[in-house]
Every structure is written in structure tokens, then in C-alpha cells.
Amino acid sequence: MIVNDRQKTVLPVELSEDRYQTKQISMGKEIAIVGAGMLGLTLALRCVDHGYKVTLFESAPEIGGLASVWKIGDLTWDRHYHVTLLSDSHTRKIAGDLGIDDEFEWVETKTGFFTDGRLVSMSNTLEFLTFPPLDLFSKFRLGLTILYASRVTDWRKLEQISVEKWLTRLSGKRNFEKIWKPLLRAKLGNAYRESSAAFIWASIQRMYAARHSGMKKEMFGYVRGGYKRLLSRFEEVLTEKGVEIKLGSRIKTIEPDDNTRVRITESDSVRTFDNVVLTCSASVVSNLVPGLQPDELNILSGVRYQGIICASMLLKQPISDYYVTNITDETPFTGIIEMSALVDKSEFGGLSLVYLPKYIAPDDPMFEQSDEQIQEHFISGVESMYPFFDRQDVVEFKISRVREVFPIPVLNYSQKVPDIRTSIPNLFVVNSSQITNGTLNVNETVQIAEKAFEAVLKWSD
Ligand SMILES: Cc1cc2nc3c(=O)[nH]c(=O)nc-3n(C[C@H](O)[C@H](O)[C@H](O)COP(=O)(O)OP(=O)(O)OC[C@H]3O[C@@H](n4cnc5c(N)ncnc54)[C@H](O)[C@@H]3O)c2cc1C
């Protein structure tokens, strides 16, 4: 079993002597990677650099998965909001490998809080101290909770405690009801009740790392041109190195072919490979590979996901200067991300780009609502929050729906995680369900890809 412990992750920065030997062995071996999200792309790069002959299968018509781009108005920008933190060393390393590490812009951003019908800034210590909805003692407890969480190193213990219990004990009932509960519900919905304290610990750790990465300020970054630039560079580099990228290729089944090779069935063709790595969600894997052992299938189908409806709104005017606005009141969406408060307006032709995410369970009936219904609901929500907002300023409104974004971090989650190595020789599974002590972000995704690469080298015949 691969070890799910960040400390033990070995990063293939340089080719070690061992690696050199395995390179000889992998030279010319055929590997198929299913899924061309950031995980599959990173893995493809590592494998081709190691001498593998790589084929990348992607069901969508474009690469990128959750980080893919689409057209909104005349722009091509990220389908879902994406930011890189100064502390995201793995994301930055991959950008470096693609030769675009000097294309990041780093910006100090502001954070807003919409609470009790008011929008307030919460971007520095002074603003925290004057934050209206809490008395000084509550703020003190809240501050202590964050400080304490940032110092905890043993996340495994936190996995055994419910997040509600842990935060109430540390911050008090008032802070939990007023601040933590709305924030947890914004991301996890009602599943926050079953979630462990490791979730909030990982979120605080990431926020702290951002604040303590050299500049002592929360620096957020983006590649000029957004993920479009990063993905097109990925495509160029992989193609130059000989990776076959098959878009619009939905894999239907995976089976062992003989003792060592693995058979992949697309709609109209069957191919075999020395190694196959699946990067799709756990539930998709359980459908694709019915020949796995019952206990493997149970684990895979037992991973519960949280989904999202994420609207992109292109506007003539900005609505605030906050990159993130956290919302503690009841609104149709669970947060506001104003991308144009981070990204230079020239990228958007002078317009403003605002994301309205709503995290919901995969079976939430909202997934069945029409674009028009969601648009009306969301725009009315923005109108009620910002009295100056004029719906005539909406240049374009687009909606993304994804039923499986990240796993619900239930109690003792790390014991319920699918293994990278499967019972079918040379078949590997790697996806975000294997992130046990972090939140879903590209930095974690790239790390998981590096782990998968190590696993393939170690365990393939
Ligand atoms: C709303 C939102 C906001 C985010 N914000 C940030 C952020 O600010 N910063 C950050 O770092 N990260 C952010 N992330 C997280 C980031 O997008 C993910 O960490 C990353 O994209 C996950 O990549 P992946 O390759 O693991 O998964 P995916 O992107 O889901 O890739 C899996 C791929 O497999 C393909 N696939 C599935 N089934 C099949 C099949 N049968 N055959 C062939 N292909 C198949 C899918 O089409 C998909 O392309 C955000 C994500 C979301 C949804």
C-alpha cells in the first residue's frame, strides 16, 4: 500500500541512481493514462521523461478536467476559479518544468465577509479586531483556534474527532454558530456533521502556509493568460515529447489481458498496455473495472463526493475589491470569488469576472434545474447583497455543473482510501480520494501524481 503521509512523499526532482536503473527497465514500455486533468497531465510528463511510451485518454473534447477552460463572452478563461499560492511549490515546480514559471503574477488580495446583511473587510489583523458580529472575547477565542490549528502536526488524531465538536470546544458555541458553521456548510453542505476536524485543520494549514511563505503576506498568484496558458503549454510539451493525447475518448472497461498486460476498451476500439493508470473519480473507477476484488470495489464505491454548481458572471462593473467574499448569511450561492480583484483587468478586456459557487451533494435536485432558473436565482441573490448592482451590467452568465469534485472528509477517512496499486497487475488508481491530509487543490493533485509515478515505477512488472 502506498503511504499517505506528506512527509514520506518522494519527489522526483532529479533522477536518482535507482531511477536511472528503472529508466532502463521502463524504456519503451507502453502506459495508458485515463484522464487528462492536472493529475493525468503531470503523470504523463513524468512517464514520458522516464522512457515510457505514453497514451493519454480523455473523455472531454479538451484537456484540463476541473482546471479546464471555456469561452465566456470573448474571453477564454478558467471554467472554475483557480488561484496559486506562493507556497504551492509543486504547482510552481510543474510550471517550471513547462518553462513558464516566470509567467506568474503575485498579488496581495483582500478578503470580504458578508454577514448580518453587511459586507465587511477581513483582510488584516486590525479588521479582524473590529469585525462587527463578534465580541472581543469571541474574537480572541477564534484567533486562538486558528493559531492552535496552525501548530498541530498530528492530523491523524483530528481525523477521529468531528469538526463540529472540535471547533465548538476550541472556539465556543457562539463562534461555531456564527462563523464556523456557515463556512463549513458553504463547502460541505449538511455533510459537515459527518466530517472530521482534519478538514478544517488542512484548510487552516494551507492558509497559514500562504501567509508565511517569505513575504509574510497572503500572496495569491496566477499565470498570465490563466489555465489556458498552462494547459496549452502542457499540450505542446507532451506532444513534442511524443505523448499521444486522445481527446473525446471515453474509456468503457478495463480488464486484465494476460498475466501482465491490461486491456482498455473504448467505444470502438480495444488496446492493450503494459501499465494503465486511472485518474478518474473513485465511483467511475468502480464502474470501469468490474473485475476488481469485492473489497476494492466496496472501498471505491464507498467514497462520497461533494459536487458543485459554479456560475461565471462577466460584468461591465466590479462588485467589490475582494478576491474572496465569505458568506455567513443564507444566499443562493456559498461564496463569491471576484477573479478580476486578483487578475489584471487587461486580461478581461476591462470587464470583471465573478464566480458564484454553490457546493452541493451529487444527488441535489438543483443539478436538474435549467440554466435560466439558476441564473435568475443567483442574480437575484447578488442584487439582494449589493444594492448598487445592476443586472444590465451582466455581459454573460455561464454555469458549470460537476457532481463529483472532492470526497467528503468523513471520520477516519484515511482508513477508507483506495490503494494506488490494484489487485489487477499493472493497473493503478490515483485520484483526489487519496488526498488524506489536505484540501483539493492543484498543488495536492500534482503531489499525488508524483506519488503515482513512484508507485508505477516500483510495482509494475
Ligand atoms: C470550483 C473549483 C475551484 C477550484 N479552485 C482551485 C484553486 O483556486 N486552486 C487550486 O490549486 N485548485 C483549485 N481547484 C482544484 C483543482 O481544479 C483540482 O485539484 C484539479 O483540477 C484536479 O485534477 P485531477 O486531474 O485530479 O481531476 P480532474 O480534473 O477531475 O480530471 C479527471 C479527468 O478524467 C476524465 N475522465 C473521467 N472518466 C473518464 C473516462 N471514462 N475516460 C476518459 N477520461 C475520463 C475527466 O473528463 C477529467 O478530465 C478547484 C476546483 C474546483 C472544482
Side-chain angles (χ1 to χ4, degrees), residues 32-44 55-69 78-92 94-95 109 186-187 206 210 220-223 226-227 230-231 234 245-254 264-267 276-289 305-312 323-324 333-335 337 339 342-343 355-360 399-407 429-435 438-449 451-452:
I33 297 169
V34 179
M38 284 302 290
L39 206 166
L41 292 166
T42 305
L43 186 59
T55 307
L56 200 47
F57 292 94
E58 169 54 54
S59 55
E62 72 283 307
I63 61 168
L66 293 175
S68 62
V69 299
D78 311 359
R79 181 189 302 259
H80 305 118
Y81 51 93
H82 274 80
V83 72
T84 303
L85 307 190
L86 208 52
S87 51
D88 284 347
S89 54
H90 302 277
T91 309
R92 295 175 67 188
I94 263 297
T109 57
K187 206 73 196 262
R206 183 163 162 80
F220 282 2
Y222 64 96
V223 172
Y227 265 72
L230 192 126
L231 293 171
F234 238 133
I245 304 177
K246 296 200 73 202
L247 298 176
S249 293
R250 180 174 297 281
I251 300 307
K252 293 262 164 57
T253 30
I254 314 264
I264 280 194
T265 308
E266 253 186 281
S267 45
V276 172
V277 184
L278 302 178
T279 73
C280 21
S281 69
S283 61
V284 171
V285 174
S286 65
N287 290 326
L288 287 184
V289 205
Y305 281 88
Q306 179 73 326
I308 194 171
I309 288 184
C310 187
S312 294
Y323 173 64
V324 176
F333 30 82
T334 49
I337 314 294
M339 195 46 72
L342 166 75
V343 172
Y355 293 87
L356 304 171
K358 167 108 176 150
Y359 287 91
I360 48 177
I399 295 160
S400 166
R401 298 171 179 80
V402 188
R403 286 185 195 257
E404 295 187 329
V405 174
F406 62 88
V429 171
V430 52
N431 57 38
S432 62
S433 71
Q434 288 149 344
I435 301 173
T439 52
L440 179 71
N441 56 68
V442 169
N443 199 53
E444 291 286 347
T445 298
V446 171
Q447 275 188 82
I448 289 275
K451 275 187 195 178

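Whatever order the structure lists ligands and atoms in, that order sets their numbers, starting from 1. Note that this is a predicted model, so its numbers are computed, not measured. Numbering of residues begins at 1 and proceeds along the displayed sequence.
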Legend entry - Top protein contact for atom 29 (O) of ligand 1, by heavy-atom distance: L66 N, 2.7 Å

Legend entry - Protein contact to atom 45 (C) of ligand 1 [nearest heavy atom, distance to 0.1 Å]: S59 OG, 3.4 Å

Legend entry - For F57, the ligand 1 atoms whose distance to one of its heavy atoms is below 4.0 Å: 43 (C), 44 (N)

Legend entry - G40-ligand 1 polar pair, N/O distance under 3.5 Å: no

Inset, instruction - Taking the side chain as every heavy atom from C-beta outward, state whether V83 and M339 have any pair of such atoms under 4.5 Å apart. - result: no

Legend entry - For ligand 1, the portion of V442 having any non-hydrogen atom under 4.0 Å away: both

Inset, instruction - Answer yes or no: is there a donor N or O on one side and an acceptor on the other, between the side chain of E444 and the main chain of G438, under 3.5 Å? - result: no

Inset, instruction - Answer whether the closest heavy-atom distance between the side chains of K252 and S267 falls below 4.5 Å. - result: yes

Inset, instruction - Check whether any side-chain heavy atom of R92 sits under 4.5 Å from a side-chain heavy atom of L86, and report yes or no. - result: yes

Inset, instruction - Using the side chain to side chain contact (heavy atoms under 4.5 Å, CB included) rule, take T445 and T42 through it: C-alpha gap first, then chi angles, then the decisive distance, then the call. - result: CA-CA 9 Å; T445 298; T42 305; over 6 Å; no

Legend entry - Under 3.5 Å donor-acceptor, T334 side chain and A186 backbone: yes

Inset, instruction - Could you find the nearest protein heavy atom to atom 25 (O) of ligand 1 and give me its residue, atom name and distance? - result: L39 N, 3.0 Å

Legend entry - Nearest-option assignment for atom 16 (C) of ligand 1, heavy atoms, candidates H80, H82, M38: H82

Legend entry - Pairwise side-chain contact, T439 with K187, heavy-atom cut-off 4.5 Å (strictly under): no

Inset, instruction - Give the numbers and elements of all ligand 1 atoms closer than 4.0 Å to a heavy atom of G35. - result: 33 (C), 34 (O), 35 (C), 44 (N)

Inset, instruction - Mark whether atom 36 (N) of ligand 1 lies under 4.0 angstrom from at least one protein heavy atom. - result: yes

Inset, instruction - Mark up the atoms of ligand 1 that fall under 4.0 Å of a heavy atom belonging to R250, in ascending order. - result: 41 (N), 42 (N)

Inset, instruction - Would you please determine whether N431 falls within less than 4.0 Å of ligand 1 on a heavy-atom basis? - result: no

Inset, instruction - Give yes or no for whether the N/O distance cutoff of 3.5 Å, strictly under, is met between Y227 and ligand 1. - result: no

Inset, instruction - Would you check if N443 and L85 make a side-chain contact, meaning some heavy-atom pair closer than 4.5 Å? - result: no

Legend entry - Qualifying residues under ring pair (Phe, Tyr, Trp, His ring centres under 6.0 Å), relative to Y227, sequence neighbours excluded: H82

Inset, instruction - State, with a plain yes or no, whether a side-chain heavy atom of I264 is found less than 4.5 Å away from one of V34. - result: yes

Inset, instruction - Dump the intermediate steps for side chain to side chain contact (heavy atoms under 4.5 Å, CB included) on L230 and M38, then the final yes or no. - result: CA-CA 10 Å; L230 192 126; M38 284 302 290; 3.6 Å; yes

Inset, instruction - Identify, for atom 42 (N) of ligand 1, the protein heavy atom at the shortest distance, and state residue, atom and that distance. - result: I251 N, 3.0 Å

Inset, instruction - Name the closest protein heavy atom to atom 38 (N) of ligand 1, giving the residue it belongs to and the distance to 0.1 Å. - result: C280 CB, 3.6 Å

Inset, instruction - May I ask you to list the atoms of ligand 1 that are less than 4.0 angstrom from any heavy atom of V405? - result: 53 (C)

Inset, instruction - Keeping the roles fixed (side chain from Q434, backbone from V429), state whether a donor-acceptor pair exists under 3.5 Å. - result: yes

Legend entry - Validation row: V324, I337 side chains within 4.5 angstrom (heavy atoms): yes

Inset, instruction - Give the numbers and elements of all ligand 1 atoms closer than 4.0 Å to a heavy atom of I308. - result: 1 (C)

Inset, instruction - Can you sort out which atoms of ligand 1 are near N441, meaning under 4.0 Å from one of its heavy atoms? - result: 10 (C), 11 (O), 12 (N), 15 (C), 19 (O)

Inset, instruction - Side-chain contact test, heavy atoms from C-beta onward, threshold under 4.5 Å: evaluate it for E266 versus I251 and give yes or no. - result: yes

Legend entry - Check: E58 N/O within less than 3.5 Å of ligand 1 N/O: yes

Inset, instruction - Under 4.0 Å from a heavy atom of G65: give me the atoms of ligand 1 that qualify, with their elements. - result: 29 (O), 48 (C), 49 (O)

Legend entry - contact_flag A449 ligand 1 heavy-atom lt 4.0 Å: no

Inset, instruction - Would you please determine whether V402 falls within less than 4.0 Å of ligand 1 on a heavy-atom basis? - result: no

Legend entry - Minimum-distance protein heavy atom relative to atom 19 (O) of ligand 1: T445 OG1, 2.8 Å

Legend entry - Nearest neighbour in protein (non-hydrogen) for atom 8 (O) of ligand 1: V83 N, 2.9 Å

Inset, instruction - Considering only non-hydrogen protein atoms, determine which one is nearest to atom 3 (C) of ligand 1 and report residue, atom name and distance to 0.1 Å. - result: Y81 O, 3.3 Å

Legend entry - Expected output: side-chain H80 to main-chain L66 donor-acceptor under 3.5 Å: yes

Legend entry - Numbering as shown, the atoms of ligand 1 that approach A67 to under 4.0 Å (heavy-atom distance): 21 (O)

Legend entry - Proximity of S249 to ligand 1 by residue part, where a heavy atom lies under 4.0 Å: backbone

